[in-house]
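Structure record follows, encoded as structure tokens.
Every chain is numbered from 1 and lettered A, B, ... according to where its sequence line falls, protein lines coming before strand lines.
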There are 2 protein chains.
Amino acid sequence: MILVTIAQASAITGVSAKMIRHYESIELIKTPLRTENRYRHYSEAELHELGFIRRSRDLGFSFEDIRQLLSLWRDKARSSAEVKAIALRHVKELDEKAAALEAMSRTLKRLAATCHGDDRPDCPILDALNPPETAAFQCDP
Amino acid sequence: MILVTIAQASAITGVSAKMIRHYESIELIKTPLRTENRYRHYSEAELHELGFIRRSRDLGFSFEDIRQLLSLWRDKARSSAEVKAIALRHVKELDEKAAALEAMSRTLKRLAATCHGDDRPDCPILDALNPPETAAFQCDP
DNA sequence: ATATGGGTCTCCCATCATGGGAAGGTCAAG
DNA sequence: CTTGACCTTCCCATGATGGGAGACCCATAT
């Protein structure tokens, strides 16, 4: 059985030692072996779990998603449909977030395109941020 | 001078009362008039600032950006170039974030496309999350 | 007058993923 | 035996937002 310290595990998996301890505290991974000096030591299987988590994070999965993915991964009798469902749900979230960011970007690009960008103070960007809409509350007689 | 309570200001500007107080605490806006019972009361100008902040948030600007935008907005001698620079820098950030999300989405879509999504356990998504790369640490003699 | 319901105040805590840093224990090499 | 590089736990911070407690304040209905 190969056992490595937390710094080595970090170097191997690309997960910071800080985060490895954190994953343990939120019970995403089990507490590893501790030597009598309380140092953590990780087995190859645990390194694989850490690598799994890092790649899942790279794909933007939340810890809750990862918790489920890990559980499916460990379960040899899983159905691939469950994994796919999680993945596709996440794809939907990613697409929605990307679309929201792009909508903001488009709006701003459009505003910036009509802004002189010189020494003069008038600016369509500021105008857009301050439409007279707020005046709606003004008492109409 | 029209003065409204914090709940009314919230309804008018679309900023929650919680957030209005928060903006005050981080000195994004000045402390409004307080009546002797310590209730906050907002003038029309302050409502416009709150609306300005909300629209800036809608476009994804950070509080630090908004701090600068507000200051430029108040400054009648501003140059539109400064506003435009902030906007374009933000556009770049938005585009980068969107591209990152899309890259994740693309990867996941590709993986999901090759996953049966049935009762069988084998799943290319899980395989991708667990490549044997981690084995790099295994002692070679 | 008083009870009731609703608005407001401040203060603390939670989120999500991550990192910084302090204070102290452990170990190997010089 | 010192030095430096690890390791431990614990607390705090980020950014934007919300929840909730406990204590006021006020207007309207009884």
Q.
From CG of Leu59(A) over to P of dA17(C), roughly how many Å is that when rounded to an integer?
A. 14 Å
Q) Hey, does the side chain of Ser62(A) come within less than 4.0 Å of dC16(C)'s phosphate (OP1/OP2), counting only N and O? A) no
Q. With nearest nucleotides of DNA chain C determined for Glu36(A) and His22(A) from heavy-atom distances, which residue corresponds to the more 5′ nucleotide?
A. His22(A)
**Q.** Thr5(B)-Gln8(B) side chain donor-acceptor pair, cut-off 3.5 Å
**A.** yes
Q. Within this structure, what is the CG-to-P distance between Asp58(B) and dT17(D), rounded to whole angstrom?
A. 9 Å
Q: To the nearest Å, give me how far apart CD1 (Ile26(A)) and P (dT18(C)) are.
A: 9 Å
Q: Verify, without hydrogens or angle tests, whether His90(A) (side chain) and Gly60(A) (backbone) share a donor-acceptor contact under 3.5 angstrom.
A: yes
Q) Can you find a side chain N or O atom of Tyr23(B) that sits less than 4.0 Å from OP1 or OP2 on dT17(D)? A) yes
Q | Charged N-O contact under 4.0 Å between Lys92(A) and Glu96(A) | A | yes
Q: May I have all residue pairs that pass ring pair (Phe, Tyr, Trp, His ring centres under 6.0 Å) and include part of residues 2-27 of chain A, sequence neighbours excluded?
A: Tyr23(A)-Phe63(A)
**Q.** Glu24(A) CD to dC7(D) P, straight-line distance once rounded to whole Å
**A.** 14 Å
(Q) Check Arg89(A) with Asp65(A), please: is the shortest side-chain N to carboxylate O separation under 4.0 Å? (A) yes
Q.
I want to check one thing: is the phosphate of dT18(C), taken as OP1 and OP2, less than 4.0 Å away from some side-chain N or O of Arg57(A)?
A. yes
Q: Decide, yes or no, whether a salt bridge links Glu27(B) with Arg67(B) under the criterion of side-chain N to carboxylate O below 4.0 Å.
A: no
Q) Taking atom P of dG15(D) as reference, at what distance in whole Å does atom NZ of Lys97(B) sit? A) 12 Å
Q | Protein-nucleotide distance (Met19(B), atom CE; dG19(D), atom P), rounded to Å | A | 11 Å
Q. Between Cys123(A) and Val83(B), what is the shortest heavy-atom contact and its length?
A. SG-CG1, 3.5 Å
Q. Would Glu24(A) and Arg34(A) pass as an ion pair if we require N to O under 4.0 Å?
A. yes
Q: For the residue pair Asp119(A) and Ser79(B), confirm or rule out a side-chain donor-acceptor distance under 3.5 Å.
A: no
**Q.** B/S/- contact track for nucleotides 6-14 of chain C, protein heavy atom under 4.0 Å
**A.** -BSSBB---
Q: Quickly work out the Phe63(B) CZ to dA13(D) P distance and round it to whole Å.
A: 18 Å
Q. Taking five pairs at each end, how big is the angle between the two axes of the helix from dA1(C)-dT30(D) to dG30(C)-dC1(D), to 10°?
A. 30°
Q: Calculate the interatomic distance between Asp65(B) atom CG and dG15(D) atom P; express it in whole Å.
A: 12 Å
